[in-house]
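Numbered from 1 within each chain, the chains take letters A, B, ... in sequence-line order. Because the structure is predicted, anything quoted here is derived from the model rather than measured.
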There are 2 protein chains.
Amino acid sequence: MTARVTMRDVAQAVGVSPMTVSRALRDDKTVSEKTRSRVRAVAAELGYVYDTTAQAFRTQKSGFVAVTLPSVNNANFADTFRGLSEAIAGSGMQILLGATNYRLEKEEELVRQLLTRNPEALVLTGGNHTDATRSLIKARGLPVIEMWDLPPDPLGHVVGFSNADAMATLVTHLAASGRRRLAFVGASEGADLRGAERRASVVATAQKLGLDDVAVIDAGPAPVSMRHGAAAVERLGARLSVFDALVCVSDTVAFGALSECRRMGIDVPGQLAITGFGHFDVAAVSDPRITTVDVNARLIGTEVARVLETVFSGASAPLEIEVAARLVPGETS
Amino acid sequence: MTARVTMRDVAQAVGVSPMTVSRALRDDKTVSEKTRSRVRAVAAELGYVYDTTAQAFRTQKSGFVAVTLPSVNNANFADTFRGLSEAIAGSGMQILLGATNYRLEKEEELVRQLLTRNPEALVLTGGNHTDATRSLIKARGLPVIEMWDLPPDPLGHVVGFSNADAMATLVTHLAASGRRRLAFVGASEGADLRGAERRASVVATAQKLGLDDVAVIDAGPAPVSMRHGAAAVERLGARLSVFDALVCVSDTVAFGALSECRRMGIDVPGQLAITGFGHFDVAAVSDPRITTVDVNARLIGTEVARVLETVFSGASAPLEIEVAARLVPGETS
DNA sequence: ACTCGGCTTGTTAACGGTAACATGTTATCC
DNA sequence: GGATAACATGTTACCGTTAACAAGCCGAGT
């Protein structure tokens, strides 16, 4: 294995100083066109590969944006990630991704790890963090964006929507079409915080509208999947007839519930309404189509990218961008 | 903004040399227990954050494993990613992720970019790469793993399965249950290479078994989604009756097709069989359950992690690990 | 008491770039 | 023609950490 080719080698081959090579490769306007092209050619010929690590070290700018997501295995978060990656690509920033598995302690560990890489900004999902996470971040003083939520006490910038408001709209829609006996199907207490917010909102809105008390059905630990939704309905069995609407924490759960209802011969929406959350493909394609809430996951990503651009170009005041979440009526309600 | 806290500061506060701090923080056994704990305490007190960039630079080991996936927005690849991340977490390696959007040129650009970060290993999806990508990688001489395929001429290690064999099994299964007029629903030519392999295998196997010539139905550019599957069936309309089986490139497409069939009142599997690929949740939960092929996406990830461990502990010969893909009969065939 | 070896700590230089400043070189103007 | 500006390139030092080697200290063995 031959030693790696550095700028020094390229410089020597061209007959200039390493500094000139550095400038030529970075499109610094002070190098002559002639020199630049010679440097480029020689660099390619020698198989020179730029060392971003060295650059990051010297300039103290890593070129990284650290991002934490609860899970990549979720079409919504994956959409956000994609929107963010694609929109940020042009700026030369690279994403350093970590998954928290819906756990704040894992998030803390992750943030700790990510910070050692000197990211130039930090993007977190949600507005809930351990105290240690919060102080770590504050001490570091780097730009932070919280997304997917509208935290009451944000760490910095925010790009999100109100899970509570979105759910309230959904419950109001159900009430308007005559549903009164709601059950909320979601993850067990604790883990999924946005899910918990949705649950609380369903309970509160139902109360406000004078509906029956909402039954809370535990579909298992977060992240709850299609299988969990199906299993929850299966476990309910005949007791299902007590309800006239299942409000599910996400479209995946709703789809699982819907499929199981079909197997059990329950008429949706005749006997039972089912709603989801997230506007996943499965909700739009399934038969019947599932009533859901479009949270514009991809847009959240691109908006985060826009905030980052603003921040990197030297912005000051924390931005708070609210992304519209809108009801998407389907055939299950 | 106060200047960042470095090892020098910690050293000064403790009254030792930076070297001792370095050793203490890295669990070098040559520091005394007393010194180590003092260093730890002071570091925490001062809010010292280890600088991995500097370490990576000095040691010429980045601690990164570069990974390219066609898309994160695909439950299979997301599973692989998750399996890999979780299995690799203990080794202290961090994943640097990039998405190719199913395009080899994008892969090349990505590899080029990732290499500037000095990854210690490179994990690529599939065995197809541009010539430039291949030579870039070979020149660098770092460990490579190709996954999700069994390339005839691998760059290094391999963890995958034969898309062709898996599809052949599926077609054989259809033939055995009397289906003879197959249509393959997949992405347009060119983009999705594993999809193309599957298509070729369906065509070849049908021929070998003496079935009718397979119709190839273009559902759109990769990645093909549920919506694409539904739209393709909708476009076919009455012409659908020509076939007795739709072999779809993935479960998402199959689910879209299935849903549209239901809307159109087509009896599945009575009039038409539908098969998918990938063993996504949606295939297992939908009613009817979709016949599919389980490719063990998560296992691919964990196996890749195992290969990496082997490589980092100084292995030599290229490993080729074949992951079993198995038929999962459902209710749609 | 003296030597030797093991344990713990310190010193030096370097990893590959680039900011800041210095210097050389060529046009431009009166 | 000489001064001045505009452009092109070079020099120096440093970013934070650690490998390699040097050195101090202490107890055991003779």
May I have the distance from [X] (atom [atom1]) to [N] (atom [atom2]), rounded to whole angstrom?
X     : N      : atom1 : atom2 : answer
B:R38 : C:dT9  : CZ    : C1'   : 12 Å
B:K29 : C:dT9  : NZ    : P     : 14 Å
B:D28 : D:dT18 : CG    : P     : 10 Å
B:K34 : C:dT9  : NZ    : C1'   : 12 Å
A:K61 : D:dC14 : NZ    : P     : 22 Å
B:R8  : C:dT11 : CZ    : P     : 12 Å
A:F57 : C:dA14 : CZ    : C1'   : 10 Å
B:L25 : D:dG16 : CG    : P     : 16 Å

Q. How about A:R134: does its CZ atom have over 12 heavy atoms from other parts shown lying under 6.0 Å from it?
A. yes
Q: Drop me the distance from B:S85's OG to B:M93's CE, to the nearest 0.5 angstrom.
A: 14.0 Å
Q: Would you give the length of the straight line joining atom CZ of B:R140 to atom CG of B:L136, rounded to the nearest 0.5 angstrom?
A: 9.0 Å
What is the nucleic acid contact for [X], judged by heavy atoms within less than 4.0 Å: base, sugar-phosphate only, or nothing?
X     : answer
B:S17 : base
A:T20 : sugar-phosphate
B:R26 : sugar-phosphate
B:T53 : nothing
A:T30 : base

[X] has a side chain; which of [options] sits nearest to it?
X     : options                : value
A:M19 : D:dA8, D:dT11, D:dT18  : D:dT11
B:R4  : C:dT8, D:dT9, D:dG16   : D:dG16
B:Q60 : C:dT18, C:dG16, D:dA8  : C:dG16
A:M7  : C:dT18, D:dG16, C:dT9  : C:dT18
B:A54 : C:dC15, C:dG10, D:dT17 : D:dT17

Q: Check for a donor-acceptor pair, side chain of B:N101 on one end and backbone N or O of B:R103 on the other, with a separation under 3.5 Å.
A: no
Q | B:S32 vs C:dT8: side-chain N/O to OP1/OP2 distance below 4.0 Å | A | no
Q: Considering just the side-chain nitrogens and oxygens of B:T35, establish if one lies under 4.0 Å of OP1 or OP2 belonging to C:dT9.
A: yes
Q.
Go nucleotide by nucleotide along DNA chain D from the 5' end; which of B:V49 and B:R23 gets its closest nucleotide reached first?
A. B:V49
Q.
Reading DNA chain C from 5' onward, which residue's closest nucleotide shows up sooner: B:E33 or A:Y48?
A. B:E33
**Q.** B:R58 (side chain) and D:dT17 (base): donor-acceptor pair under 3.5 Å
**A.** no
**Q.** Residue pair B:N118 / A:R4, side-chain donor-acceptor N/O under 3.5 Å
**A.** yes
Q) Do B:S22 and B:R26 have side-chain atoms, one donor and one acceptor, less than 3.5 Å apart? A) yes
